[in-house]
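In what follows, a structure is listed as structure tokens, so that the remarks can point back to it.
Reminder, nothing fancy here: chain letters follow the sequence lines and each chain counts from 1.
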There are 2 protein chains.
Amino acid sequence: MTSEGRGLHARLLACLGPEITSGEYPPGTVLRTDALERRFDVSRTVVREAVRVLESMRLVSSRRRVGVTVRPTEEWNVFDPQVIRWRLAGSDRPRQLRSLTMLRSAVEPVAAGLAARLATPRQCAELTEHALGMVATSRGQQLDAYLVHDVAFHRVVLRASGNEMFAKLGDVVAEVLAGRTEHHVMFTDPDPAAVTLHVQVAEAVRTRDEDRAERLTREITTGAMAELDVLAP
Amino acid sequence: MTSEGRGLHARLLACLGPEITSGEYPPGTVLRTDALERRFDVSRTVVREAVRVLESMRLVSSRRRVGVTVRPTEEWNVFDPQVIRWRLAGSDRPRQLRSLTMLRSAVEPVAAGLAARLATPRQCAELTEHALGMVATSRGQQLDAYLVHDVAFHRVVLRASGNEMFAKLGDVVAEVLAGRTEHHVMFTDPDPAAVTLHVQVAEAVRTRDEDRAERLTREITTGAMAELDVLAP
DNA sequence: CGTCCAATAAGTATTACATTTTAGTGAAGC
DNA sequence: GCTTCACTAAAATGTAATACTTATTGGACG
């Protein structure tokens, strides 16, 4: 895990972040630094460092004479992995999961098409390896092991696309997949059709069939979208 | 502009951010806080606040006994609007512009399809208005006025998709369009074909023709991609 | 060699105080 | 009554001095 770690200010963040993103403090709420100081029993410096970070995530804005104000949701940096994690852990997880899965649906097929053109032999091998790993773990309550391969597979595809923005979405995909496994927004065993599709995508990338890689990946993501509609109403 | 604004720490950021993202301090470089203190003639507190923000953008990591280390590029929060802006202003703008345009190509068509299903009458009207605005300003060196309508058009589409992640990409698109106009990665007058396509997208959304909206938007974005290949090699 | 321990260097945290901005208030003037 | 302007006070912003923690380094000792 990237955060929640050391440093007093990090602990402050780990409390405040979720509280804000969960809507516990609705937009417009003002938090005064000295109140936070007392509440968490930390020094001013620590509070200010935490506030600075929240500010850079555009969750709050700090103005003199008024205090630290919670910003409206539309202004949040919803692509910040930390914000994503907080929101996925919170109450509007379903909505969040839907947004993110839709993003996947848009990006991953394109990335797969690019990957088919650009993937290195090594990446092709990794793809096949993880696809087979998914097959091997797709039966008998091995969701955790399956998840590892699933995440790795999609990371490789996104990285192989050669686009750094796409590559960075690997983190988002990881959160989504982990989130849906963890929170049981998934059948007890993975959909066999999806597993097959992954194997086929690996094949399409290996054989440089861009269109097929794109089409198959689109099937995977629309499947994920459909699954979400069934399991998380 | 969202940043560079008040506060000493913000000014520090406005210096350090570009320096790091431009590669002036290559990954692995360590910056010591007391060195920064002296260099910018500010107090420890200010330096630490700035460092905290850079850390949350994952541009640097701060460890005891070693200092503030610049992280490798792959770990940066490349979706942070601030980071995007710094990089677009820097030396690897072409590469950056290509990544972002590719992201647009992936997302906008999907968003347009959704918009055709979900756009409110008001949003349809705005779309038409801005499309017509583009037509009106597409000739005779009115690139600035054209840009305003272009940005607004895409913002409305992305917002109308109903997906908050897509909506947030409006900022990114704005940066891209502004960037390419500003840096003359564009013909002196906009491509007439593109202008027509915008009008048609507005029409498709208004008539709830999801497929057509998606297809036309895909034409726009692939056009943008192609234009980039021609003008920024 | 390898282990342990002390020195040290760096970020981390607290405290107290000074400065700056600005919302809010209320009085003067139109 | 409404505007305007200056004052006040609240809150964030910035500085400085000081103490704390914790990795790393390197040397002493087994």
Does Arg32(A) reach a base, just sugar-phosphate, or nothing at all? Heavy atoms under 4.0 Å.
sugar-phosphate
Listed partners of Glu129(A) passing side chain to side chain donor-acceptor pair (under 3.5 Å), at least two apart:
none
If you look only at pairs with a residue in residues 40-52 of chain A, which of them pass as a salt bridge (Lys or Arg N to Asp or Glu O under 4.0 Å), with sequence neighbours excluded?
Glu37(A)-Arg44(A), Arg48(A)-Glu49(B), Glu49(A)-Arg48(B), Glu49(A)-Arg52(B), Arg52(A)-Glu55(A), Arg52(A)-Glu49(B)
With sequence neighbours left out, write down each residue that passes ring-ring contact (aromatic ring centres under 6.0 Å, His included) with His198(A), or none if nothing qualifies.
Phe153(A), His154(A)
Under 4.0 Å from a heavy atom of chain B: give me the 5'-most and 3'-most nucleotides of DNA chain C that qualify.
dT8(C) to dA13(C)
Nearest whole angstrom, please: distance from the P of dT13(D) to the CD of Glu37(A).
13 Å
Using atom CG of Leu12(B) as one end and atom P of dT13(D) as the other, report the distance to the nearest whole Å.
15 Å
Can you check the Phe40(B) CZ to dG14(D) P distance for me, whole Å?
14 Å
Contacts of type ring-ring contact (aromatic ring centres under 6.0 Å, His included), residue Phe166(B), not counting sequence neighbours
none
Under a 4.0 Å heavy-atom criterion, the protein footprint on nucleotides 19-25 of chain D, written with B, S and -, is --BSBB-
In chain order, what residues pass the side chain to side chain donor-acceptor pair (under 3.5 Å) check against Asp144(B), with sequence neighbours excluded?
none
Which dot-bracket notation, 5' to 3', represents the base pairing of DNA chain D when pairs are defined as Watson-Crick or G-U with both distances under 3.5 Å, crossing pairs as [ ], and inter-strand pairs as |?
||||||||||||||||||||||||||||||
Per the salt bridge (Lys or Arg N to Asp or Glu O under 4.0 Å) rule, what does the pair list look like for residues 21-31 of chain A, sequence neighbours excluded?
none
For Ala224(A), the side chain to side chain contact (heavy atoms under 4.5 Å, CB included) test, sequence neighbours excluded, returns Thr101(A), Arg104(A), Arg180(A)
Name all residues meeting the side chain to side chain donor-acceptor pair (under 3.5 Å) criterion together with Ser62(A); count only those two or more places apart in sequence or in a different chain, and write none if there are none.
none
Leu13(B) CG to dT13(D) P, in whole Å, measures 13 Å
Tell me which of Gly67(A) and Val42(B) sits closer to the 5' end of DNA chain D, going by the nucleotide each one is nearest to.
Gly67(A)
For Arg39(B), all residues meeting side chain to side chain donor-acceptor pair (under 3.5 Å), sequence neighbours excluded:
Glu19(B), Tyr25(B)
Can you see if the side chain of Thr45(B) gets near the phosphate of dT15(D) - specifically, an N or O under 4.0 Å from OP1 or OP2?
no
